[in-house]
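Reading through the structure tokens given below for one structure.
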Amino acid sequence: MATTIGSYIATRLAQIGIKNHFVVPGDYNLVLLDKLQENPNLQEVNCSNELNCSFAAEGYARAKGIAAVIVTFSVGAFSAFDGIGSAYGENLPVILISGSPNTNDEGDHHLLHHTIGTHSFDYQYEMAQRITCAAVQLKNAEDAPRLIDYAIRESLTQKKPCYIEVPTNMSSASCAPPGPIEAVLCPLETNPKALEAAVTSSIKFIESRLKPTLLAGPKLKCAGAEQAFIRLAEALGCAVAVLPAAKSLFPEDHPQFCGVYWGQVSTKKADAIIEWSDLTICAGCVFTDYSTTGWTSLQSSAHRLEAGFDDVKFSGHYFDQIALSDFLNALADRISTNDKSLIEYNRLRPTSPTIEAARPTAPITRKEMVRQIHKLITSETTLFAETGDSWFNGIQMDLTRGACFEIEMQWGHIGWSIPACVGYAVGAPERKIITMVGDGSFQMTAQEVSLMVRLKKPIIIFLINNFGYTIEVEIHDGPYNNIKNWNYAALVEAFNANDGKAKGFQVRTAGELADAIEKANSNVEGPTLIEIQINRDDCTNELITWGHFVALANGRPPRLSS
Ligand SMILES: Cc1ncc(Cn2nnc(CCOP(=O)(O)OP(=O)(O)O)c2C)c(N)n1
Ligand SMILES: [Mg+2]
């Protein structure tokens, strides 16, 4: 029995595990939103703007592994592109669905609202092709099922966003009903011969080295390879570090854990052991200027074996069509133990510094703030660390087993954490969410606290007010790093209007912070923002070091053309 394109899309979204889709309405998508509303398995979530909407979907995908955001043409989609860029860089399958002009308008040579004023309307689709793994326009009802399934399949397989453009007169057009969802769910199939060759060569290479170590990267998560990584770690018995964007993907209470490897700003002396090792087996790693502290901590390729999302490479060898978890499991089955690096690390292993509690009347400092936030982390906590000194404060916090850590280090869009953490909260309502965000970042997307109020999400927001863009100051200072101060505590309570339960506190002493945290823990019907006012120079030493090397990397002189 025929269905409509809008209902076809709704069925597919529900079948791939989406329960909530994120929307901002516009006249080009209203009929489509109605069709999604008709599906009892879908519940729409309304955001304040399309930038936040796309980040909320990105956060939902961090919790659920898939997300959908529905916006209107051009004026909506252009903002949403920012969150799609994040999803691409962060390996998250977010489905961007945009309404678009009636299919007759181009042929009628019409000029339309919400466009750049040209007679052609394909520019958005062309832009979307650059930031998604698959982009389709549903201009023909008969072809729509094929295009919808293609876009969703590519997104799920590649763990990248896709784009589906739905002209306003097509949502209610009839089309064939969806076929079996199995035809859409096609996970990467490992080629057995490639796997065998990769494992045999890798073992030979690893066993030719004296003191291998393991390094976890962020793609372990999108590859669903965390458990396989732990199996390999325990089979090999070596020291194990994680990249900053992979924090929490390997248990930090594991006896083989040796910290976050981030060059000179590593934690727990992870750099000492990784750089002492003669081979680092990198699983799902992404090496960028930020994750290598301005390229100062990238091992030579001769000392790296890289197991990627779907390939394996090391000096003189390359194998592809291999799912990361298949490779790690097969290696774990056959690798011999070599615990030299762990023995060496245990010799170096630093004791965790205990930070003395400040007197209650003492002015609040960054150290005391970190000490008090750290105490809140349990196995149910998900800690969001926003771009800024919050990265460094978050990275240094030891995580109890089960605690999760979310960071957007590839895209690094300040303000991401506010919409992303509420989208995450929609996808994982059982998690206790703590967000650390700077004043500059918060000013980018503050409106989405309103969604936390609307959904009664008890998120605790630690707003570190150091009166400006400190991370930028440490990379390269200038008057542009100064921002207008806000009364952040008052702002969040403004979102209550007559029925909200948001609470805001401004704290200046250790005692006031402790008191505000107590109140936040008992505010279960809405978000609590605790604004912590600290001196701009009260930042981590790690940020200062990291900023110095990133600035050097940015400042490399242009190569003289030969
Ligand atoms: C959308 C976007 N625009 C500009 C930037 C550059 N940037 N990166 N970090 C910052 C400042 C962050 O300041 P805050 O959030 O206050 O964090 P702190 O470093 O703790 O002061 C900027 C302006 C950015 N990362 N993302
Ligand atoms: Mg700041």
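These values consider heavy atoms only, across backbone and side chains, with no hydrogens, waters or symmetry-generated copies. Each ligand, and each atom within it, is numbered from 1 in the order the structure gives.
- More than 12 heavy atoms of other shown residues, nucleotides or ligands fall within 6.0 angstrom of atom CD in Glu126.
- Ring geometry for Tyr163 versus Tyr125: interplanar angle of 30 to 60°, hence tilted.
- Heavy-atom proximity to Asp439, at under 4.0 Å, picks out these atoms of ligand 1: 16 (O).
- Looking at atom 3 (N) of ligand 1, its nearest protein heavy atom turns out to be Met444 CE, 3.8 Å.
- Heavy atoms of other residues, nucleotides or ligands lying less than 6.0 angstrom from CZ of Arg401 number more than 12.
- With respect to atom 22 (C) of ligand 1, the closest heavy atom belonging to the protein is Glu472 CG, 3.4 Å.
- Looking only at protein heavy atoms, the nearest one to atom 2 (C) of ligand 1 is Ile414 CG1, 3.6 Å.
- Within ligand 1, the atoms closer than 4.0 Å to a non-hydrogen atom of Gly438 are 14 (P), 15 (O), 16 (O), 17 (O), numbered from 1 in the order shown.
- Counting heavy atoms from C-beta on, the side chains of Glu386 and Thr435 never come closer than 4.5 Å.
- Where the criterion is an N or O separation shorter than 3.5 Å, residue side chain and backbone included, Ile471 meets it with respect to ligand 1.
- With ring centers used as reference points, Tyr469 lies 6.0 Å or more from His476.
- Between Gly468 and ligand 1, at least one pair of N/O atoms sits closer than 3.5 Å.
- Residues Thr387 and Trp416 fail the side-chain proximity criterion, which asks for heavy atoms closer than 4.5 Å.
- When hydrogens are left out, the protein atom nearest atom 13 (O) of ligand 1 is Tyr469 CD2, 3.4 Å; that is the closest non-hydrogen contact.
- Listed by atom number, the atoms of ligand 1 under 4.0 Å from Gly412 heavy atoms are 24 (C), 25 (N), 26 (N).
- In terms of protein heavy-atom proximity, atom 20 (O) of ligand 1 is nearest to Asp389 N, 3.2 Å.
- By the neighbour-count criterion of 12 heavy atoms within 6.0 Å, atom CD of Glu356 is sparsely surrounded, having that number or fewer from other residues, nucleotides or ligands.
- Shortest distance from the Mg ion (ligand 2) to Asp439 is reached at OD1 (N/O/S atoms only).
- Contact atoms of ligand 1 toward Gly388: 17 (O), 19 (O) (distance under 4.0 Å to a heavy atom of the residue).
- At least one N, O or S atom of Asn466 sits under 2.8 Å from the Mg ion (ligand 2).
- Looking at ligand 1, you won't find any N or O of His413 less than 3.5 Å from one of its N or O atoms.
- A donor-acceptor pair under 3.5 Å links the side-chain atoms of Ser266 to the main chain of Gly263, judged by distance alone.
- Close contacts of ligand 1 with Gly440, meaning ligand atoms under 4.0 Å from a residue heavy atom, involve 14 (P), 15 (O), 16 (O).
- Looking at heavy atoms from C-beta onward, His413 lies out of side-chain contact with Glu58 at the 4.5 angstrom threshold.
- Taking the six-membered ring where the residue is Trp, Phe22 and Tyr60 present perpendicular rings, their angle passing 60° and hence far from 30°.
- Between Tyr88 and Trp411, the distance separating the two ring centers is not shorter than 6.0 angstrom.
- By the 4.0 Å heavy-atom criterion, Asn466 is counted among the residues contacting ligand 1.
- The Mg ion (ligand 2) has an N, O or S atom of Gly468 inside 2.8 Å of it.
- Between Leu543 and ligand 1, a contact under 3.5 Å exists for no N or O pair.
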